[in-house]
Protein chains: 2
Amino acid sequence: MTHAAAPATVREFEEKLLEVAASLPKRLKQCADYVAANTDRIAVSTVAEMAEAAGVQPSAFMRFCQIMGFSGYSEMQRLFRENYVGGWPDYSTRLDHLREMGEHSGPRLLAEFVEAGRSSLENLLKSVDPQSLEEAVDLLASANLVHIIGLRRSFPVASYIAYALEKMQVPAMLHSVAGRLDSSAAIRPSDALLAITFSPYSAETLDLVESVRARGVAVVALTDTAVNPLRKMGATILTVSEVDFGAFRSLSATLCVAIALSAAVGARRKV
Amino acid sequence: MTHAAAPATVREFEEKLLEVAASLPKRLKQCADYVAANTDRIAVSTVAEMAEAAGVQPSAFMRFCQIMGFSGYSEMQRLFRENYVGGWPDYSTRLDHLREMGEHSGPRLLAEFVEAGRSSLENLLKSVDPQSLEEAVDLLASANLVHIIGLRRSFPVASYIAYALEKMQVPAMLHSVAGRLDSSAAIRPSDALLAITFSPYSAETLDLVESVRARGVAVVALTDTAVNPLRKMGATILTVSEVDFGAFRSLSATLCVAIALSAAVGARRKV
DNA sequence: AGCAAAATGGAACAGATATTCCAAATGCGT
DNA sequence: ACGCATTTGGAATATCTGTTCCATTTTGCT
């Protein structure tokens, strides 16, 4: 009873499950039914837990895995663990490998960054909370003037947003720290501030956010982790997790949010 | 070193992380940073995997768990496994779900832009000619000083490249037309110019390219179609076709090339 | 520079988990 | 009802994972 190759994707898994389920004896059928209804639990449960939940012995569940084409539970579990959250085989180590191999050719690097970008985008839909996004759009759309700050590596994003808002005739002002000028006085209570910052957070951005929050100005933050100094300051947080490797941050996902945010604000204003 | 109660919810966990992160030594800080950026992976990874990804020893990661208030990794993992609400429904269904929302809602737009970005990236590997890319890397890596120009919507890309090159200590200069100053005199024959421009091509960029070409300076162009004014001027052309959504250009693919180009130039220089 | 305290790496240990095997039970055809 | 084939339960085993401990290195202070 050597069953063909093990499913390589979740979809294949589901097809195989369906195909196999009909001709299964009682206990194994229980496994199939439970798995069909709780596919997601495979990634985080032990065989013992799965077996008990399905009402069978661990050994029975084991046999089920083999019938599905895997060598055992561990192999089946790996499929679901890897596919969980974009299923990226982490990039920092892959890029490390690239370095070690001395493989610095442009095309090779490009392929890597394309992959990183694609993963970031897939991941994006999970890491951005729709509700926060709507809230952010509301805040920015109802502001008198939208102030934008983003320094260093966030500057490209900030400048893109400034450009997009300008194109849609949304009043916007891009802040920079050129010449150490402090333009925070330009930010009025009826305005809103959009801050873009990623770890390590630049002090200038944090300072600006803190000072305008103290004056009760609404702040939307586009940032990397849910845990960061901006949360404490009462900003509306949009989280974007991006694959980061030293100086090489693929901004794909971040820019995507930036565009969507700009477009939504523009659309809301027009109505 | 018994720290208070262990966090009982993910939110509590994040708060604790934030609170604790500041006063942590190097290796433990690495753990905190990695966890902050990949909280979701705790549920499906082993200590060994987490430790390696964070770049520390398993024992260091263990200590981190204890500082967070757990008895060990297993207890910390339990929190995330219990709160685990599968990566399912997966990417495509999630996308569909977002699409069902109101016409101009933020999430809806985000879904569209993610799609646009993804297809752009998919096309990218086909539209960029490996040979031209290598040639571009050569030119820029052997230049004395790399000049970068990109205006309006290309400005974010230009500023990103300037930032990346700076980070890698490649001598670079970002040109802008602020104040109508003409800094073309700064471009010497042994330098190279990287021009980023998309239809409609901005006159300032074309002018600059023309004037430096007349002086025999190497020019690399990051642009959209193979047929454009820059080709005639003898520039090395990198073509990026980007999928637009509405009036907005998703810069995903363009930025991807920009990163790869910068990284390759940086790597080439170091050798 | 010299000392004490803190942090770190690595290997040894303990515990849990997956996996296998075989005896007992069940179903099925004659 | 009998015997054969299939299925099942449960305990024994092998492997993998978490955890701890201690020698070594690093850091901070006088």
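Here is the naming used below: chain letters follow the sequence lines, and residue numbers restart at 1 for every chain. The figures that follow rest on heavy atoms only: side chains count, while hydrogens, waters and symmetry mates do not.
Looking at B:Phe64 and B:Val56, their side chains never come closer than 4.5 Å, going by heavy atoms from C-beta outward. Looking at heavy atoms from C-beta onward, A:Ile196 lies in side-chain contact with A:Ile161 at the 4.5 angstrom threshold.
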Apply the test salt bridge (charged side-chain N to carboxylate O under 4.0 Å, His left out) to residues B:Glu166 and A:Arg152: give CA-CA distance (whole Å), side-chain angles for both, the deciding distance (0.1 Å), then the verdict. CA-CA 11 Å; B:Glu166 175 63 33; A:Arg152 291 183 244 288; over 6 Å; no

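A donor atom on one side chain and an acceptor atom on the other are found under 3.5 Å apart for A:Arg27 and A:Gln30.
For B:Gln66 and D:dT19, the shortest distance from a side-chain N or O to OP1 or OP2 is not below 4.0 Å. Regarding contacts with the backbone of C:dG10, a side-chain N or O of B:Gln57 is found under 4.0 angstrom from either OP1 or OP2.
B:Gln57 places no side-chain N or O within 3.5 Å of a backbone atom of B:Ala51 that could act as its donor or acceptor partner. With hydrogens and angles ignored, the 3.5 Å screen pairs no side-chain donor or acceptor of A:Thr205 with any backbone N or O of A:Gly150. The closest donor-acceptor contact from the side chain of A:Arg215 to the backbone of A:Ile187 lies under 3.5 Å. A:Ser45 places no side-chain N or O within 3.5 Å of a backbone atom of A:Ile42 that could act as its donor or acceptor partner.
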One character per nucleotide, please: for nucleotides 21-30 of chain D, 5' to 3', B when the base has a protein heavy atom closer than 4.0 Å, S when only the sugar-phosphate does, - otherwise. ----------

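Atom NZ of B:Lys29 and atom P of C:dA7 are 15 Å apart (whole Å).
Axis angle, first five pairs versus last five pairs of the helix from C:dA1-D:dT30 to C:dT30-D:dA1: 30°, rounded to 10°.
Between B:Phe80 and B:Phe13, the distance separating the two ring centers is shorter than 6.0 angstrom.
Within a 6.0 Å radius of CD in A:Gln131, other residues, nucleotides and ligands contribute 12 heavy atoms or fewer.
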Distances for protein N/O vs nucleotides 14-18 of chain C N/O pairs under 3.5 angstrom?
residue : atom : partner : partner atom : Å
C:dA18  : OP1  : A:Val47 : N            : 3.2
C:dA18  : OP2  : A:Val47 : N            : 2.8
C:dA18  : O3'  : A:Ser74 : OG           : 2.9

